[in-house]
Amino acid sequence: IKSTLVSLKNEQTALEKQVSSYTSNVKKLNTELRIDYHGMMSIKGHSFKTEVEGNGFTYEISLFKSAYQIGADKKKTVIGKWGRWKVAHEELLMVMEDGQRCWNGPARSLTLRIECGLTEKLISVTEPSQCVYIGVFESLTGCKAPPTDEELQASWSRFS
């Protein structure tokens, strides 16, 4: 009987771990469902790079994850993590926030303007002010009219 109880207890522990893993996966999937990818879900997590002539940096973005500035020494600095969509002046913008803090400055951030293009490509990144980066990303998503602020809010409120 004792060996049967030990065996059942081990089985129960294994099943509890499995339930915990499934619960964690369901939470992750629910979070994913809350994000409106604006037709870019198929390239979520894909990395795109561009080298900026003259400043010695390469910029890399992993869509809906994070963005990096890479120096000549190959050291990566996080310049932003996926934050939100924004519409300004009838342009669709991907805002990446909460990057590494600048010395004596703010946390780095990157705002990408999504422009019309036949393929997905990081076109450019500049730093117009300390630790604030702006860039251009081409995608078919940029070929359609951006959603209004109300539409963006509505897409999020469905899940609230």
Side-chain angles (χ1 to χ4, degrees), residues 21-160:
S21 175
Y22 290 148
T23 302
S24 176
N25 286 339
V26 166
K27 285 181 183 176
K28 285 179 190 174
L29 289 171
N30 280 333
T31 299
E32 289 283 316
L33 287 173
R34 291 177 187 257
I35 297 173
D36 186 345
Y37 291 98
H38 292 287
M40 296 172 74
M41 177 62 169
S42 64
I43 57 172
K44 175 187 177 279
H46 289 218
S47 291
F48 300 89
K49 290 183 180 181
T50 190
E51 191 171 326
V52 176
E53 290 184 32
N55 79 356
F57 290 108
T58 297
Y59 294 89
E60 177 181 2
I61 61 164
S62 180
L63 291 178
F64 304 101
K65 290 188 178 182
S66 51
Y68 304 93
Q69 180 185 57
I70 306 166
D73 60 359
K74 304 295 183 208
K75 181 182 171 214
K76 286 185 172 185
T77 300
V78 178
I79 61 172
K81 299 174 198 147
W82 164 247
R84 60 193 161 84
W85 289 109
K86 180 179 176 182
V87 176
H89 308 290
E90 297 186 16
E91 293 180 321
L92 183 61
L93 306 172
M94 178 183 282
V95 180
M96 302 183 89
E97 307 164 306
D98 253 355
Q100 286 178 243
R101 281 194 120 2
C102 280
W103 183 84
N104 245 357
R108 290 173 171 85
S109 65
L110 169 67
T111 301
L112 286 174
R113 187 175 71 238
I114 310 300
E115 290 189 350
C116 181
L118 294 178
T119 60
E120 283 76 25
K121 184 169 34 172
L122 180 59
I123 301 298
S124 66
V125 177
T126 60
E127 186 180 3
S129 61
Q130 182 186 16
C131 301
V132 176
Y133 302 84
I134 58 172
V136 177
F137 186 80
E138 281 188 355
S139 170
L140 283 172
T141 297
C143 298
K144 58 184 178 183
T148 64
D149 283 334
E150 292 80 22
E151 290 170 329
L152 281 175
Q153 288 293 74
S155 71
W156 278 94
S157 65
R158 312 187 292 231
F159 301 104
S160 298

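Below, all heavy atoms of this structure are taken into account, side chains as well, without hydrogens, waters or symmetry copies.
Annotation: salt bridge (charged side-chain N to carboxylate O under 4.0 Å, His left out) contacts involving residues 110-119, sequence neighbours excluded, comprise Glu91-Arg113, Arg113-Glu115. Screening residues 65-113 for disulfide bond (SG atoms under 2.5 Å apart), with sequence neighbours left out, gives Cys102-Cys131. Sorted by first then second residue, the salt bridge (charged side-chain N to carboxylate O under 4.0 Å, His left out) pairs that include residues 68-77, not counting sequence neighbours, are Glu60-Lys76. Sorted by first and then second residue, the side chain to side chain donor-acceptor pair (under 3.5 Å) pairs involving residues 98-107 (not counting sequence neighbours) form an empty list.
For the side-chain contact (heavy atoms from CB on, under 4.5 Å) test, residues two or more places apart in sequence or in another chain that qualify with Ser109 are Val132. The side chain to side chain donor-acceptor pair (under 3.5 Å) test applied to Gln130 returns no partner, not counting sequence neighbours. Legend: residues meeting side chain to side chain donor-acceptor pair (under 3.5 Å) with Glu127, ordered by chain and number and at least two apart, are absent. Partners of Thr111 according to the side chain to side chain donor-acceptor pair (under 3.5 Å) rule, which considers only residues two or more places apart in sequence or in another chain, do not exist here. A search for side-chain contact (heavy atoms from CB on, under 4.5 Å) contacts involving Thr126 returns Pro128, Ile134, not counting sequence neighbours.
Taking CZ of Arg108 as the start and OH of Tyr68 as the end, the distance is 13.5 Å to the nearest 0.5 Å. The structure places CD1 of Ile114 at 11.5 Å from SG of Cys143, a figure rounded to the nearest 0.5 Å. Distance NZ/Lys81 to NZ/Lys65: 14.0 Å, rounded to 0.5 Å.
Between Trp85 and Trp82, the ring-plane angle classifies as perpendicular under the 30° and 60° cut-offs.
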Check the pair Leu118 / Leu140 against side chain to side chain contact (heavy atoms under 4.5 Å, CB included), numbers first and verdict last. CA-CA 6 Å; Leu118 294 178; Leu140 283 172; 4.2 Å; yes
Intermediate values then yes/no, side chain to side chain contact (heavy atoms under 4.5 Å, CB included), Gln69 and Val125: CA-CA 10 Å; Gln69 180 185 57; Val125 177; over 6 Å; no
Passes side chain to side chain contact (heavy atoms under 4.5 Å, CB included), Leu110 versus Ile61? Steps please. CA-CA 10 Å; Leu110 169 67; Ile61 61 164; 3.8 Å; yes
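Using a 4.5 Å heavy-atom threshold, the side chains of Val87 and Leu92 count as touching.
Closest heavy-atom contact between Leu122 and Leu112: CD1-CD2, 3.9 Å.
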